[in-house]
Amino acid sequence: MSEEANPFDSLQSQIDDVAEYVDVGDDVIERLKHPERVLETNLTVERDDGSLERFTAFRSQFNGDRGPYKGGIRYHPGVTCDEVKALSGWMTYKTAIVDIPLGGGKGGIVVDPTEYSESELERLTRAFAKELAPMIGVDRDVPAPDVNTGQREMNWIKDTYETIENTTEPGVITGKALDSGGSEGRVEATGRSTVIAAREAFDYLGGDISDATVAVQGYGNAGWISAKLVEELGATVVAVSDSSGGIYNEDGLDARDVKAFKNETGSVSEYSEADEALTNDELLSLDVDLLIPAALENAVDAELAEDVEADVISEAANGPLTPGADEVLAEKDCITVPDILANAGGVTVSYFEWVQNRQRFYWSEKRVNEELEAIIVDAFDALTDAYEEHDLETFRQAAYVVSVQRVADAFEEAGTFP
Ligand code: NAD
């Protein structure tokens with residue numbers, strides 16, 4: 001990992017990169033490179049010892065032309081305003097490529113949650129929810145979990161909002177526990193879309209994913225579910241890793257068994273059925289048919305990309321390839337299904353959760369998975385249509401052409417007020 005790009009600069013350059021293929025003026029492109037508004041707030045929270053501590057928090061509402069702002073809330077010491085703005089932009093283009101009626105938003109608190117007790121985190125979350133209350137809502141802005149937040153934090157935000165507003169409105173937030181209005185299928189959704197997108201890419205290239213060898217970097221929610229589902233399609237998962245390192249078996253690893261081992265021991269690295277240990281860079285450079293980066297951003301930079309031998313990459317993680325890596329991989333004819341499509345299963349099932357909350361009518365897991373499948377396949381077809389029509393270099397460019405065009409159309413149709 002290197003090449004630490006400012007994420008907001010990266011977002012803006014991705015939009016500039018496709019502007020010539022989008023049927024809209026430069027003035028609209030300029031508008032679509034900036035958030036509509038950003039809240040920066042200082043939260044005062046009482047520690048368990050009675051002292052007070054200040055925390056900075058942000059919420060960026062990037063674009064609401066296609067529907068309510070949608071995007072997670074991250075707890076991390078490295079959260080910055082530019083990161084939150086960039087992530088909210090990527091959410092805008094992610095909801096647009098899968099064509100769901102939502103915009104893009106993102107939030108974050110500058111905090112290392114491991115340093116605080118559960119009751120301190122609850123007070124911090126509720127303090128942020130109080131600040132957010134006037135700007136969120138089922139038709140305004142619908143937050144969700146992100147790094148270091150989950151069902152617990154979503155339930156606290158929902159409860160705070162409903163108490164302030166004196167209502168019951170589970171659709172104000174997604175990623176909730178099932179008993180609090182969550183959706184079936186949400187836990188598996190990101191890995192599921194990553195694998196559907198990869199399967200479509202193999203079909204498009206005239207291959208068959210069931211014959212593929214696969215390496216998966218990161219064995220958390222997105223990584224392990226991707227490994228399990230790609231294995232169910234008949235592919236052979238030869239390598240997986242987590243932050244402790246990687247493991248390799250030429251004949252294939254058993255995804256469920258590796259997961260059970262990780263649950264027991266905390267990591268995959270000592271798994272006994274593996275032939276070899278690998279570093280993460282070695283895993284990323286394996287000669288496999290499909291590589292699924294499912295850990296962190298900037299996992300592959302331009303230098304490491306020179307060693308990547310996979311034919312297809314499906315990005316479960318957000319931003320795992322640097323812009324420099326993208327260029328190198330394009331020259332090597334490695335096809336990358338970009339994050340805004342590959343991992344869009346998460347936000348798509350969040351959208352289903354929101355729909356079910358509004359209908360007060362809940363779907364079966366089977367229905368959730370079928371609707372997700374249809375949406376990801378349609379998005380992939382729109383991407384490849386744009387790829388061919390404009391003779392583009394990468395699938396990423398194609399995804400941005402489609403999504404920026406959709407947001408630009410909604411912006412222009414709305415007109416400006418006043
Ligand atoms: P997670 O915390 O469940 O898992 C992350 C995994 O990555 C862990 O196994 C961890 O050990 C591993 N890891 C961390 N650093 C690593 C390193 N340097 N090398 C190899 N492995 C490393 O997180 P997640 O929910 O699976 O998210 C993973 C990625 O997918 C993130 O980029 C996230 O933004 C993206 N994503 C997740 C979802 C979702 O619904 N979970 C949705 C969209 C995007």
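Side-chain polar atoms of Thr174 and Lys70 form a donor-acceptor pair below 3.5 angstrom. Side chain to side chain, Asn343 and Thr190 fail the donor-acceptor criterion of an N or O pair below 3.5 Å. Between the side chains of Thr279 and Asp281, no donor N or O sits under 3.5 Å from an acceptor N or O. Side-chain contact annotation: Asp112 with Thr114, donor-acceptor N/O pair under 3.5 Å present. A side-chain donor-acceptor contact under 3.5 Å links Glu36 and Tyr69. There is a side-chain donor-acceptor pair under 3.5 Å between Tyr271 and Asp257. A donor-acceptor contact closer than 3.5 angstrom links the side chains of Gln14 and Trp90. With no hydrogens or angles considered, a side-chain donor-acceptor pair links Arg126 and Thr160 at under 3.5 Å. Residues Tyr161 and Thr167 bring no donor and acceptor atom of their side chains to less than 3.5 Å of each other. In summary, the side chains of Asn318 and Glu297 do not present any donor paired with an acceptor at a separation below 3.5 Å, with no hydrogens or angles considered. Side chains of Thr322 and Asp301: no donor on one and acceptor on the other come within 3.5 Å.
Electrostatic pairing of Arg199 and Glu373 counts as a salt bridge here, judged by a charged N lying under 4.0 Å from a carboxylate O. Taking the charged nitrogens against the carboxylate oxygens, Lys228 and Glu188 do have a contact shorter than 4.0 Å, which makes a salt bridge. Salt-bridge check for Glu120 with Arg47: passed, with a basic side-chain N closer than 4.0 Å to an acidic carboxylate O. The pair Asp339-Lys94 does not count as a salt bridge, with every side-chain nitrogen at least 4.0 angstrom from each carboxylate oxygen.
Atom CG of Asp49 is surrounded by more than 12 heavy atoms from other residues, nucleotides or ligands within 6.0 Å. In Glu393, the CD atom is not crowded: 12 or fewer heavy atoms of neighbouring residues, nucleotides or ligands sit closer than 6.0 Å. Summarising the local packing, CG of Asp23 is surrounded by 12 or fewer heavy atoms from other residues, nucleotides or ligands at distances under 6.0 Å. The number of heavy atoms from other shown groups lying within 6.0 Å of CG (Asn263) is above 12.
Contact check for Val238 versus Val214: no side-chain heavy atoms found under the 4.5 Å cut-off. When side chains are defined from C-beta on, Leu392 counts as touching Val401, because their heavy atoms get closer than 4.5 Å. No side-chain heavy atom of Asp409 sits under 4.5 Å from any side-chain heavy atom of Arg406. Taking the side chain as every heavy atom from C-beta outward, Glu200 and Tyr204 never approach each other to under 4.5 Å. With a 4.5 Å cut-off on side-chain heavy atoms, Arg123 and Tyr116 do not count as touching. Contact of the Asn369 side chain with the Arg192 side chain is registered, since non-hydrogen atoms from C-beta on lie closer than 4.5 Å. At least one side-chain heavy atom of Cys334 sits less than 4.5 Å from a side-chain heavy atom of Ile313. Between Thr41 and Phe128 the shortest side-chain heavy-atom distance falls below 4.5 Å.
Considering Arg31, Glu30, Arg37 in turn, Glu30 is the only one that fulfils the side-chain hydrogen bond (donor to acceptor under 3.5 Å, both in side chains) rule with His34.
Checking side-chain atoms of Asn221 against main-chain N and O of Val187 turns up a donor-acceptor pair under 3.5 Å. Gln397 contributes a side-chain N or O that, together with a main-chain N or O of Thr394, makes up a donor-acceptor pair within less than 3.5 Å.
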Take Glu153 and Arg74 through the test salt bridge (charged side-chain N to carboxylate O under 4.0 Å, His left out) and record every step on the way to the result.
-> CA-CA 10 Å; Glu153 288 74 14; Arg74 159 174 306 200; over 6 Å; no
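Judged as a side-chain hydrogen bond (donor to acceptor under 3.5 Å, both in side chains), and not counting sequence neighbours, the contacts of Gln356 are Ser183.
Pairs passing the side-chain hydrogen bond (donor to acceptor under 3.5 Å, both in side chains) check and including a residue from residues 306-316, sequence neighbours excluded, read Glu315-Arg396.
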